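Take a look at the structure set out below.
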Amino acid sequence: MPSRLRRGAPAALLAVACAAAAASPEKKNWFDDPFFQVSSGARGCPVPEGPLYTEEERRSQMHARLERGTSCWLEGRCKDSNAYRYDKAIAPQVQAALAAVPGVRRASLWAVVQRRWVYLQGCVPSRALARRLEQAARAVPEVELVVDDLMVGTRGKPPYPVASP
């Protein structure tokens, strides 16, 4: 009898894994928001989830993204009628600016670009480096705002959603 139980274990594990996968909806970068890693020097830093959304989250965000993207143009802050169209051009400039900051190799740093806003995520060895990174991103033309979601060190709860293992 114990050998039969052992033979059935892989099938039972597979059934549990399939049920768990079905229970959690798939997340995707539906809006193709730029998300990239700049450095990986802080071992043990929690990896950000990035701009991933479920189908339901995508639907709920569509209206708000249209409104936010257009309001920039209506208020005269953007030449383009949709602020999200700047993101793909801004991303490589932000990546280069961040990579040039002295000390960045000691950090684990990721960035998300959405509607001319840059979200800095990851771990830095000091608040001073976080300020230098924020200043570098802010200096990129067309960047409207930089959000510092960085944590000093690698311990504690990060201020950003973490990738699933």
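Note that the structure is a prediction, hence the values are computed from the model and not measured. When reading the values below, keep in mind they use all heavy atoms of this one structure, side chains included, and skip hydrogens, waters and symmetry mates.
Nearest approach of Leu98 to Ala137, heavy atoms of both residues: CD2-CB, 4.1 Å. Of all heavy-atom pairs spanning Ala83 and Cys78, the tightest one is CB-SG, 4.0 Å. When every heavy atom of Leu129 is checked against every heavy atom of Gly103, the shortest pair comes out as CD2-O, 3.4 Å. The nearest pair of heavy atoms linking Gly44 to Thr154 is O-CB, 3.9 Å. When all heavy atoms of Ser60 and Glu57 are compared, the closest pair comes out as OG-O, 3.0 Å. Closest of all the heavy-atom pairs between Pro92 and Ala89 is CD-O, 3.5 Å.
Considering only heavy atoms from C-beta on, Lys79 comes within 4.5 Å of Glu142 through its side chain. Side chains of Asp33 and Arg65 form a contact here, defined as non-hydrogen atoms less than 4.5 Å apart. Annotation: side chain of Pro48 is in contact with side chain of Phe35 (closest heavy-atom distance under 4.5 Å). Counting only heavy atoms from C-beta outward, the side chains of Arg131 and Ser126 never approach each other to under 4.5 Å. Put simply, the side chain of Glu56 does not reach to within 4.5 Å of the side chain of Pro25, judged on heavy atoms. Contact annotation: the side chain of Leu109 never approaches that of Val124 to less than 4.5 Å [non-hydrogen atoms, C-beta and beyond]. Looking at Tyr86 and Val113, their side chains never come closer than 4.5 Å, going by heavy atoms from C-beta outward. Between Asp32 and Lys88 there is a side-chain heavy-atom pair separated by less than 4.5 Å.
Other residues, nucleotides and ligands contribute more than 12 heavy atoms inside 6.0 Å of the CZ atom of Arg138. In this structure, Arg77 places its CZ atom where more than 12 heavy-atom neighbours from other residues, nucleotides or ligands lie under 6.0 Å away.
When hydrophobic clusters are built by joining Ile, Leu, Val, Met, Phe, Trp and Tyr residues whose side-chain heavy atoms come closer than 4.5 Å, directly or via intermediates, Val38 is grouped together with Val152. In this structure, Val47 is not a member of the same hydrophobic cluster as Phe36, with clusters built from ILVMFWY side-chain heavy atoms closer than 4.5 Å. Both Val104 and Val140 belong to a single network of hydrophobic side chains, linked directly or stepwise wherever heavy atoms of I, L, V, M, F, W or Y lie under 4.5 Å apart. Linking ILVMFWY side-chain heavy atoms closer than 4.5 Å, directly or via other members, places Val112 and Leu120 in two distinct hydrophobic clusters. Hydrophobic clustering of Ile, Leu, Val, Met, Phe, Trp and Tyr side chains at less than 4.5 Å, counting indirect connections, unites Leu133 with Val94.
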Assess the residue pair Arg115 and Glu144 against the criterion (side chain to side chain contact (heavy atoms under 4.5 Å, CB included)); give the C-alpha distance rounded to whole Å, side-chain angles, the decisive distance to 0.1 Å, and a yes or no. CA-CA 8 Å; Arg115 80 174 185 277; Glu144 182 179 16; 5.7 Å; no
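At least one donor-acceptor pair under 3.5 Å links the side chain of Asp87 to the backbone N or O of Arg116. Distance alone, capped at 3.5 Å, is enough to place a donor-acceptor pair between the Trp30 side chain and the Tyr53 backbone.
Distance check: Glu75 CD to Thr70 OG1 gives 10.5 Å after rounding to the nearest 0.5 Å. Atom CD of Gln37 and atom CD of Gln95 lie 9.5 Å apart (nearest 0.5 Å). Distance check: Met151 CE to Cys45 SG gives 6.5 Å after rounding to the nearest 0.5 Å. Here the straight-line distance linking atom OH of Tyr160 with atom OH of Tyr119 works out to 16.0 Å at 0.5 Å rounding. Thr54 OG1 to Arg59 CZ: the interatomic distance, rounded to the nearest 0.5 Å, is 8.0 Å. Here the straight-line distance linking atom CH2 of Trp73 with atom CG of Asn82 works out to 11.0 Å at 0.5 Å rounding.
Under 4.0 Å is where a charged nitrogen must lie from a carboxylate oxygen, and between Arg58 and Glu55 at least one such pair does. Ionic pairing of Arg127 and Asp148 is present here: one or more N-O contacts between side-chain nitrogen and carboxylate oxygen are shorter than 4.0 angstrom.
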